[in-house]
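Before any comments, here is the structure.
As a basis for the values below, the full set of heavy atoms in this structure was taken, side chains included, without hydrogen atoms, waters or symmetry mates.
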Amino acid sequence: MEPIYKKRKIIFVCILLLFIFIYYLCWCYLLKFNASPDELMRYLVPKYIYSNGSLPTGYSKDAIYFLGNWSYAFYPQMLGGITSALFMKVFSLWTHSDHLILFAARITSALFGTITVAFVGLTVQKITKRIKIAIFSILFVAFLPQFTYLSSYINNDIIAAAGVSMIMYALVSNEIDHSWNLNKILILSVGSLICILGYLNSMVFVLVSAIYLILTLIKQDKISKKKAINYFIIYCAVIAIFCLPFFIRNFIIYNGDLLGMRSFHNQYEKWLDAGGKKLQFPYISNHSIGALFIDNDFLVRTFESFVGFFGYLSVQLKPVFYLFYFILFYTGILGLFIKPRINELKLIKNSIVTLIVGTILLIILFLYYDLYIDYQTQGRYIISALPPLALLETLGLSQISKVMRMGRIIKYSFTLFYVLLNIFILCHYVYPTLVL
């Protein structure tokens, strides 16, 4: 009877993930083109690959944005562009409709959004061994309004979140099982390469997880030194095989500019020298560094756009919605400190510390960008921190539920309310302004 029950739970989770994927696809189809941050500029890369069958450079005319001489083709983060181009190519076998080709490109975001929620669920299941808590964690991430929105248009932020969720699962799995194996190493390496080729800032999670991997391979006694070395070689090899070609290409094309950032900035300087309008405004040009940390506009807007602030930060929710999510987040974190302490946290303390350090580094990069490059209060820039946040929130909320002895009806009703709230917010705010 137990195997049958377990099989049914697995089938249910798979159906749930399919429903989430389809829900994202619906918004992929409905959203207006370029009604969301950077979509037009991002779309130029897969469109070029789709049209020309080759990767663009930052100097390729068709890959250059109409403002600032900007082009995302300068960067080696081509995973999103290549994946979107593949979907576009497949769709072009049946149709050449501009809207459907755009929809095909957006499937990449829906796919990586679904991957994110799947690995968050797998991580929570690994820790708690309770499928209901794992399902809640899936819904917690999948139906956060901003996450749903990011899963519906062309962007690289959602790709980074998927990579971080895979890294998180690999770290947690190792700590619970007290041993690495080939499967975990492959998941860690794939998650890392997704971050490296997905979004530059998320590479901080690759850094901290690589340090974690080295330290745990040295300390573990369940596997031989030879096997530990082999695992590390496999980890490095997988990342190198898929990532190095893009960085070598950058090194050759842009005279040693591995990340493409210098070349990107140089083109922007040429734009300014030619009389172009200034497009970037660093916070430090008008304020002191310390002012940023007490700037209510920065703190509030960043939180709001992490929860749900749509379009080019033009479609804002009513304050009551932000208050709900703030209370929910605060309650989840509070639950981590309620006695009796959560036993699961002790099992994964090293993984949690690693992920928290990665999150702190991500926030530091975000602050640096705002201070010295361009002041933008966009929570999507730190959305890759959502998987570890969701893990902690789920454990904290579960602990509160346990301590308060909440019944099934209350828990199920709240979960249903959380999902329906997402649908209401997107239908009430996104549909009238960014679809019609």
Side-chain angles (χ1 to χ4, degrees), residues 32-82 84-85 88 98 101-102 105 153-157 159 197-201 203 246-289 291-292 297-298 301 305 311-314 365-378 380-381:
K32 291 178 184 176
F33 178 54
N34 197 34
S36 308
D38 284 350
E39 183 168 48
L40 173 56
M41 191 169 163
R42 287 283 179 198
Y43 186 51
L44 295 176
V45 174
K47 188 178 180 182
Y48 183 96
I49 299 171
Y50 162 70
S51 301
N52 297 277
S54 61
L55 297 179
T57 72
Y59 307 121
S60 300
K61 185 178 179 181
D62 292 340
I64 299 174
Y65 193 52
F66 69 91
L67 292 173
N69 285 339
W70 288 338
S71 175
Y72 282 124
F74 279 115
Y75 301 138
Q77 283 73 39
M78 290 281 185
L79 178 60
I82 293 172
S84 290
M88 293 164 73
D98 289 341
I101 295 298
L102 170 65
Y153 73 91
I154 301 166
N155 68 93
N156 279 17
D157 309 274
I159 297 173
L197 296 180
Y199 199 71
L200 183 64
N201 285 8
M203 287 172 64
F246 294 97
F247 288 90
I248 292 172
R249 177 178 181 268
N250 258 42
F251 185 85
I252 295 171
I253 295 174
Y254 308 122
N255 299 315
D257 188 8
L258 284 172
L259 299 178
M261 296 175 69
R262 187 180 70 245
S263 302
F264 185 97
H265 181 71
N266 288 342
Q267 289 302 104
Y268 175 57
E269 288 295 325
K270 289 181 180 179
W271 162 269
L272 294 177
D273 292 341
K277 182 181 178 182
K278 187 177 181 181
L279 302 170
Q280 293 183 323
F281 302 91
Y283 187 86
I284 199 72
S285 62
N286 297 312
H287 307 83
S288 66
I289 294 176
L292 182 67
D297 179 70
F298 172 74
R301 282 298 179 97
S305 56
Y312 281 87
L313 295 186
S314 57
L365 288 178
F366 171 61
L367 293 174
Y368 178 84
Y369 186 89
D370 278 314
L371 282 167
Y372 297 105
I373 300 176
D374 191 23
Y375 177 65
Q376 294 193 38
T377 55
Q378 295 196 46
R380 67 188 177 95
Y381 291 142

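- For the atom pair Tyr369 OH and Gln378 CD, the distance stands at 9.0 Å (nearest 0.5 Å).
- One finds the CG atom of Asp257 at 11.5 Å from the NE2 atom of His265 (value rounded to the nearest 0.5 Å).
- Nearest heavy atom pair, residue Leu365 against residue Asn201, reads CD1-O, 3.9 Å.
- No more than 12 heavy-atom neighbours from other residues, nucleotides or ligands sit within 6.0 angstrom of CG on Asp98.
- In this structure, the side chains of Tyr381 and Ser305 stay at 4.5 Å or more apart for every pair of heavy atoms.
- Interatomic distance, OH of Tyr283 versus CZ of Phe298, reported as 8.5 Å (0.5 Å rounding).
- In this structure, Arg42 and Tyr199 approach most closely via the heavy-atom pair NH2-CE1, 3.5 Å.
- Judged purely by distance below 3.5 Å, without hydrogens or angles, the side chains of Tyr72 and Asp38 pair a donor atom with an acceptor atom.
- No side-chain heavy atom of Asn250 sits less than 4.5 Å from a side-chain heavy atom of Leu259.
- Annotation for Phe247: atom CZ counts as buried by contact number, over 12 foreign heavy atoms lying within 6.0 Å.
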Residues 55-70 side chain polar contacts: donor-acceptor under 3.5 Å, at least two apart:
{"from": "Thr57", "atom 1": "OG1", "to": "Tyr59", "atom 2": "N", "distance (Å)": "3.1"}
{"from": "Thr57", "atom 1": "OG1", "to": "Ser60", "atom 2": "N", "distance (Å)": "3.4"}
{"from": "Thr57", "atom 1": "OG1", "to": "Ser60", "atom 2": "OG", "distance (Å)": "3.4"}
{"from": "Ser60", "atom 1": "OG", "to": "Thr57", "atom 2": "N", "distance (Å)": "3.0"}
{"from": "Ser60", "atom 1": "OG", "to": "Thr57", "atom 2": "O", "distance (Å)": "3.3"}
{"from": "Asn69", "atom 1": "ND2", "to": "Gln267", "atom 2": "O", "distance (Å)": "3.0"}

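- We find the CG-CG distance between Leu40 and Asn34 to be 4.5 Å, quoted to the nearest 0.5 Å.
- A 4.5 Å side-chain heavy-atom check between Glu39 and Asn155 finds every atom pair outside the cut-off.
- Residue-environment remark: OH (Tyr368) stays at or below the threshold of 12 foreign heavy atoms within 6.0 Å.
- Defined by atom type and a distance below 3.5 Å, a donor-acceptor pair is missing between the side-chain atoms of Gln280 and Tyr268.
- Aromatic rings of Tyr43 and Phe33 (six-membered ring for Trp) have centroids within the 6.0 Å cut-off, being under it.
- Taking CG of Asn266 as the start and CG of Asn255 as the end, the distance is 10.0 Å to the nearest 0.5 Å.
- Nearest heavy-atom pair, Arg262 versus Tyr254, reported as atom, atom and distance to 0.1 Å: NH2-O, 3.4 Å.
- No side-chain heavy atom of Phe246 sits under 4.5 Å from any side-chain heavy atom of Tyr75.
- You'll find the side chain of Met88 reaches within 4.5 Å of the side chain of Pro46, heavy atoms only.
- When side chains are defined from C-beta on, Met261 counts as touching Leu200, because their heavy atoms get closer than 4.5 Å.
- For the atom pair Phe74 CZ and Phe264 CZ, the distance stands at 8.0 Å (nearest 0.5 Å).
- Using a 4.5 Å heavy-atom cutoff, the side chains of Leu197 and Ile82 are not in contact.
- When every heavy atom of Tyr312 is checked against every heavy atom of Ser36, the shortest pair comes out as OH-O, 3.1 Å.
- The heavy-atom pair separating Gly80 from Asn156 by the smallest distance is CA-OD1, 4.5 Å.
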